[in-house]
Amino acid sequence: MSPGPGSAGLYVHIPFCSAVCPYCDFAVTVGNAAARADFVQALCAEIALWTDWCMPIDTIYFGGGTPSALTTAQLTTVLTQLHTSLPITAAPKIFFEANPEDVTPESLQQWRGLGVNMLSLGVQSFVDSELRSLGRRHNGAQARRAVDQALQIGFETVSVDIMFGLPKQTVESLRESLLVVQELRPQHVSCYQLTIHDGTTFARWRARGKLTELDEDLQADLYGEVHTGLQQAGLHAYEVSNFARSDAHRSAHNLKYWQHVPYLGLGPSAHSFDGEARWWNHRDNRGYIEAATRGRKPIAEREQLCAADLALEGLMLGIRTAEGIELQHFKQRYQVDLLALNLALIEQLIERGYLQAKPGWLTPTRAGLGVADGMAAEFALE
Amino acid sequence: MKNVRNFCIIAHIDHGKSTLADRLIQACDAVSVREFHDQVLDTMELERERGITIKSNSMTLYYEAKDGETYRLNLIDTPGHVDFSHEVRRSLLACDGAIIIVDASQGVEAQTVANLYLALEHDLTLLPVINKIDLPAADVERVREEIDEDLGLDPYAAIPISAKNGIGISEVLEGIVEQLPAPTGDPEAPLQALVFDAQYDSYRGIVLSCRVRQGELKAGSKVRFMHSGREYLIDEVGYNGMHREKTTSLPTGAVGYVITGIKTIRDVTIGDTLTESARPADAPLPGYQPAKPVVFSSIYPMTTDEYPELTNAIEKLALNDAALVYQKDASAALGFGFRCGFLGLLHLDIVQERLKREFELSLVLSAPSVLYNVTLKNGTVVDVDNPANWPEPSDIEQVEEPFIKASIMVPENHLGAAMTLCREHRCATIQTNYLSKGRMEVVAEMPLGEVLFDFYDKLKSATRGYGSFDYEPLDYRIGDIVKVDILVHHERVDALAFLAHSDKARGRAMHYSEQLAKSIPRHQFKIPVQGAIGGNIIARSTINAFRKDVTAKCYGGDISRKRKLLEKQKKGKEKMKLVGSVQIPQEAFVSVLRTDTP
């Protein structure tokens, strides 16, 4: 964890998808053209309400849903509003998520034209049967073509999203996808484990026995395979789920979450953090639009963080990063002496191979990254 | 006195005792329609839910008979299950007669016979009743034969009824008046009143149920408990209707309630005799026979801070459950609790359920055990029911375990299954008796320890629910009993140790280690779970090291959700019991100790 906040980040949630995937529990809807137009209007209204945000913003992340569900004109409108109302720095890094089926040479050119630096493609897998089981609308060949085209257009960073722990997935089938990554050589990969959230179609299937989660050992094997496979593609873990060719290709926006740096979230369900408090917007589109167009910030809830909350977050987030936590910095920032409070535990974790023996730091090993949350739960903070 | 009848209803479980009681109460109008709900006597929620009567209870009914006279009928309810023969005994002491119910389709069952003998032991006059004659499977004539052959009662005196449909109820009431005797006793003699039940009333303190054998029990008089020697002033006496009906005195032959202002539970012993302090009787009534527990288990609160609540609850329960014995106990893993003695497994189950429901406690119970007689090499003999007190194996000369005479009644076609089951449970002898057409009795001498776990359930499933089971204690016999320790990550978990016959030790140890391995979450290191006799490992399972978190995407910066999950996880860890370096969730203890062994 590097010390000190630089500038804040900005997250914009675009809640539309061409269909809702059966595992997805994000704030997402299909929505027709009219709904999208209404949303853009509401989003601009929300942006305009934030003129009191004074921390400079140097990263803008369009997530969702699928930002590629909006037209270039709509995206331009949003960007213009952002520059008008918020203290955006001179050359902000722009991050943009897109689905492979929305990728064409034209669309890529348009996004490039909007100033997108890092394009994240929701590939999930290059194996057709896995894509079908996830309810995705693209196949392996389309995904491969989309990544290839994006790399040729010349974004600073092209990132590929991969999922593991899919029902019926094997080490071999995961390896197939990783081999394609090695071949295509994107500069960045985000690799998330499938989580079955309550209320999703997958959760209902699981309840009915139509779907079983992989056991912990296989999940761990798959995770190990992700590291090995991506290493061979020249990609190194810098966080539990994120891999980059070099420091320059790391997601400067997402790093802000893990480094406990403030960020403003706009759009339905988006979360914000100002260093002392967290708040989040209404999750449903209608509630969000209604509040924003009436000139009220569409905030659903707000949470003031006490010193203990902040320290717990600092620990939980820092230990997810490959770099880890610098103990001296942690002590200065949170007034918690992790070393003094957890001496025996730290020794044990080093002995068990979860932490590296690196004086002054809590740096997870590869095995440690797999159990970062579990480790965080072990530490005493008072 | 000639217009009083004190009687109870005895029956095998589920033969319709409570339903008949309800009909009698209704027919006598003791309860207004608005107040009437089925099974009035079964006041405990648990009783009503399980359809069995756990606690005795009494009620006074006023019946206008065909002879034009009004009779005071004191109906004393009794539990039907074998575990509660102690309570049945107490109830019988208050009665002069008994209605014995036989199910028209199932016929005479093991407990019907057991209760019949109890009733005869107390010189009760019996009135047989054949219930459920409305059922399609009812076979009244066959049941009459069984009443003749198995019970030795006059088959033609039996009244066919359907308590459920209200058929034959007036005949039963007439039968009570005509065939059951009125109480006897000298009204002028010094007072002797048997205390056969007690309840705790939060306003009035302790309310006793008494049967006046001789003399008169007057409000305002001073009485003495003949066994404990304690003396009290009587505040109030009366009859138990749906509500208490206060009177000035209870005459000879009466069954009613007594309030004395006793506040502490320990001052009352059920079975004691009340006499007048000023003019005491020569001797107490028979009936003071402390129940002997045969099954033992330690009860711990789920969280250690609930110990005071558990203490209070056990004391209150023990007040009207004279058979429950308890003493303070402590476990390294589970903290303070109580070592309790029970009449049987159902009794244990009921106590546990009552603690949970009536007192809203969450509990962990150790594996039930019987009482072993252990002879040491130095010649001394010790009684051990608790694995914690088991002597060093090298000091033990021999161990004796309690045996029972099990009586199992089954339809002929399930005889083989019942016999196999007995053999699997180490029966010493086994014999079969032909009871009546299609019905057999298996009599087996077997260790009590063998029926502690799931014998009854297995019998039920092996005989499609037709098998009935009863037992009586027999004697103590030499057995190869060992103490099995359960070790988690090489640390002994005291609360999980158990005593077993060496033939059964390995199977149970395997079951324990497998269950624990399933319910203890993975740790950052590999955890062996072992069963051991002394230093000898007889069973082993392994909990693999924890390797992968579920790392959900903390999308769009939703850190709050993640932090809250982590806080929950941390709290969960605090609640777990720490054994060595392993955190064991309470549910693991519950799952291991509840599930039945092979």
Side-chain angles (χ1 to χ4, degrees), chain A residues 9 11 13 25-27 61 63-64 165 190 192-197 213 216-224 240-241 254 256-258 260 263 265 267 269-273 278 280 301 303 305 309 312-313 315-317 320 348-349 352 354 367 369-379, chain B residues 488-491 514-529 540-588 591:
Chain A
Y11 173 79
H13 188 82
D25 87 323
F26 299 136
Y61 192 105
S190 294
Y192 291 101
Q193 181 178 356
L194 171 71
T195 326
I196 299 181
H197 296 281
E213 269 170 298
E216 191 188 314
D217 285 318
L218 181 53
Q219 300 269 18
D221 291 344
L222 293 171
Y223 185 62
V240 168
S241 308
N254 286 348
K256 292 192 160 121
Y257 300 146
W258 306 316
H260 231 177
Y263 52 87
S269 83
H271 284 245
S272 306
F273 172 59
R278 296 189 178 278
W280 47 95
E301 236 175 298
E303 173 182 59
L305 301 177
D309 292 336
L312 181 61
E313 287 190 355
L315 169 70
M316 160 186 109
L317 297 167
R320 298 178 67 82
Q348 265 181 5
L349 291 171
R352 289 177 190 147
Y354 295 118
L369 282 178
V371 297
D373 288 349
M375 268 202 286
E378 300 283 334
F379 278 86
Chain B
V488 174
H489 206 232
H490 311 294
E491 298 269 350
E514 283 164 13
Q515 280 295 324
L516 280 174
K518 266 188 236 163
S519 44
I520 296 176
R522 289 183 178 206
H523 282 55
Q524 289 174 345
F525 44 90
K526 200 182 245 193
I527 305 168
V529 182
R540 183 191 165 106
S541 297
T542 305
I543 303 165
N544 282 327
F546 175 50
R547 291 177 61 201
K548 186 73 187 85
D549 291 322
V550 179
T551 45
K553 196 167 180 176
C554 40
Y555 199 84
D558 182 358
I559 306 296
S560 299
R561 178 154 78 170
K562 210 162 173 55
R563 191 188 67 246
K564 280 167 194 158
L565 276 174
L566 195 64
E567 279 165 0
K568 215 170 132 187
Q569 201 179 337
K570 274 180 170 287
K571 284 221 173 72
K573 277 176 187 282
E574 282 164 22
K575 274 195 185 160
M576 291 193 212
K577 299 291 175 186
L578 197 65
V579 173
S581 46
V582 179
Q583 279 150 333
I584 306 184
Q586 291 287 27
E587 305 79 63
S591 78

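Across all their heavy atoms, Gly374(A) and Gln569(B) have their closest contact at CA-NE2, 4.0 Å. Nearest heavy atoms, Val371(A) versus Asp549(B): C-OD2, 2.7 Å. Closest approach of Glu378(A) and Lys570(B) over heavy atoms only: C-NZ, 4.4 Å. Minimum heavy-atom separation, Glu303(A) to Ser560(B): OE1-OG, 2.9 Å.
Arg278(A) and Asp558(B) are not joined by a salt bridge, as no carboxylate oxygen comes within less than 4.0 angstrom of a charged side-chain nitrogen.
Interface remark: of the candidates Tyr354(A), Phe273(A), Phe379(A), Tyr354(A) forms the most heavy-atom pairs closer than 4.5 Å to chain B. Here Asp217(A) is the residue among Leu312(A), Leu194(A), Asp217(A), Leu305(A) with the most heavy-atom pairs under 4.5 Å with chain B. Comparing Ala220(A), Gly165(A), Ser190(A) by heavy-atom pairs within less than 4.5 Å of chain B, the highest count is held by Ala220(A). Among the candidates Leu222(A), Asp309(A), Leu349(A), the residue making the largest number of heavy-atom pairs closer than 4.5 Å to chain B is Asp309(A).
Taken to the nearest 0.5 Å, the CG atom of Asp373(A) stands 8.5 Å off from the CG atom of Leu565(B). Atom-to-atom distance recorded for Glu313(A):CD and Lys562(B):NZ is 11.5 Å, nearest 0.5 angstrom. Considering CD of Gln193(A) and NZ of Lys548(B), their distance stands at 4.5 Å, rounded to 0.5 Å.
Residue Lys564(B) touches chain A through its side chain alone, counting heavy-atom pairs closer than 4.5 Å. If you measure heavy-atom distances from Asn254(A) to chain B, you find no contacts under 4.5 Å at all.
Put simply, the side chain of Ile559(B) does not reach to within 4.5 Å of the side chain of His260(A), judged on heavy atoms.
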